[in-house]
Amino acid sequence: IEKMPLPLFKGSFIPGEAHEFVASFSDEDMKLLAKMELLYITGDPEASAIASEDFFNHHDIIIRLSACMVYAFSHLSAGHTTLAEIGLSTVKESIIREITSASPTPQFRAAYTIIYATVSVLMNEINYKDKLLEYIKYLPMGLQLWTGYILAHKAFIKKKFTEGVTTAEIFLSISPVLYPLPSIYLHLSAAMNLMALRKIDAAKEHFMKSWKLSEPDGFIMPFAECQSMLFGLMETCLKPINPVKYKQISELAEKYNIG
């Protein structure tokens, strides 16, 4: 498999150089897909939703599914519930159809599995039996780290908070190279679980590490997605040091939670 989903999310780059990283893709489709992700993650879900529509009929199933996923979460973040549901349903139905009608390689199954798990867990659907750990070895390191976030988030939803912290911290330790976006989400998932365990100081530490990685590129959407699960940590840690970004994130979070 030549292409994997989430080219920006799985990428390794120096914080502050996200735009340069996106521009470095030689494959034009992957570059455009990474640009969509960048629009979303920097807080412009309306623009990322519009950009993703151009890929709905793309011949490459991975690009098509990735675009549908960006479309769904962009509309979710913009408060457009119906359009988000259309995107999410398209992703799930397409993956089920591909797996049942063909004989995908382990690499394709791994790509399908991480997309399906991302959609399911972040929509709080946790009762399905995923095969993330079975296929993780077929994923590049950036997506292996993203798998860790999905597992830690799933643990939080299931109120297995100690497991969530352990999962996040193990995955944060496995790569010697920095992958900013998975690391941001892993630190946030650790903070969520630690707050649920009332380990406030440790939660603050993870939150600030996440913010330090996010701030140079303006990656604010992870905080909007997680705000309601951070138990006031944003107000405590971010509002005093950056009230402008706190207000912007809070406005995004309000729309996201409606969606």
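- Residues W211 and K245 are in side-chain contact: their nearest non-hydrogen atoms beyond the backbone lie under 4.5 Å apart.
- Once rounded to the nearest 0.5 Å, the distance linking CG of N257 with CD of Q227 reads 7.5 Å.
- Contact of the H153 side chain with the I157 side chain is registered, since non-hydrogen atoms from C-beta on lie closer than 4.5 Å.
- Both V177 and I174 sit in one connected hydrophobic cluster of ILVMFWY residues. Membership requires side-chain heavy atoms under 4.5 Å apart, directly or through other members.
- With contacts defined as side-chain heavy-atom distances shorter than 4.5 Å, the pair L188/Y149 does not qualify.
- Taking the six-membered ring for Trp, F223 and F207 have ring centres closer than 6.0 Å.
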Could you give me the CA-CA distance, side-chain angles and deciding distance for W146 and T118, then say whether side-chain contact (heavy atoms from CB on, under 4.5 Å) is met?
CA-CA 9 Å; W146 181 251; T118 298; 2.9 Å; yes
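- A continuous path of Ile, Leu, Val, Met, Phe, Trp and Tyr side chains, each step under 4.5 Å between heavy atoms, connects L197 with I200, placing both in one hydrophobic cluster.
- Side-chain contact check for D217 versus T42: every heavy-atom pair is 4.5 Å or farther apart.
- Side chain of E37 to main chain of L8: a donor-acceptor pair is present (N/O by atom type, distance under 3.5 Å, no hydrogens or angles).
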Worked verdict on K3 versus L33 for side-chain contact (heavy atoms from CB on, under 4.5 Å):
CA-CA 11 Å; K3 296 183 174 75; L33 188 57; over 6 Å; no
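- With hydrogens and angles disregarded, no donor-acceptor distance shorter than 3.5 Å links the side chain of S210 to the backbone of H206.
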Go through the steps for S189 and F156 under the test side-chain contact (heavy atoms from CB on, under 4.5 Å), then give the verdict.
CA-CA 8 Å; S189 64; F156 176 84; over 6 Å; no
Applying salt bridge (Lys or Arg N to Asp or Glu O under 4.0 Å), run through E251 and K255 and close with a yes or a no.
CA-CA 7 Å; E251 290 171 353; K255 292 180 180 180; over 6 Å; no
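- Using cut-offs of 30° and 60° on the angle between ring planes, the pair Y71 and H75 is perpendicular.
- The aromatic rings of F21 and F25 stand perpendicular to each other, their planes meeting at an angle above 60°, with 30° marking the opposite boundary.
- The nearest pair of heavy atoms linking A67 to S52 is O-CB, 3.5 Å.
- Between the CD1 atom of I114 and the CG atom of L143 there is a distance of 6.0 Å, given to the nearest 0.5 Å.
- For Q107 (side chain) and Y138 (main-chain N/O), no donor-acceptor pair under 3.5 Å exists by modelled atom type.
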For a side-chain contact (heavy atoms from CB on, under 4.5 Å) check, start with the C-alpha distance between E20 and F13, then their side-chain angles and the critical distance, and finish with the verdict.
CA-CA 9 Å; E20 291 82 355; F13 53 90; over 6 Å; no
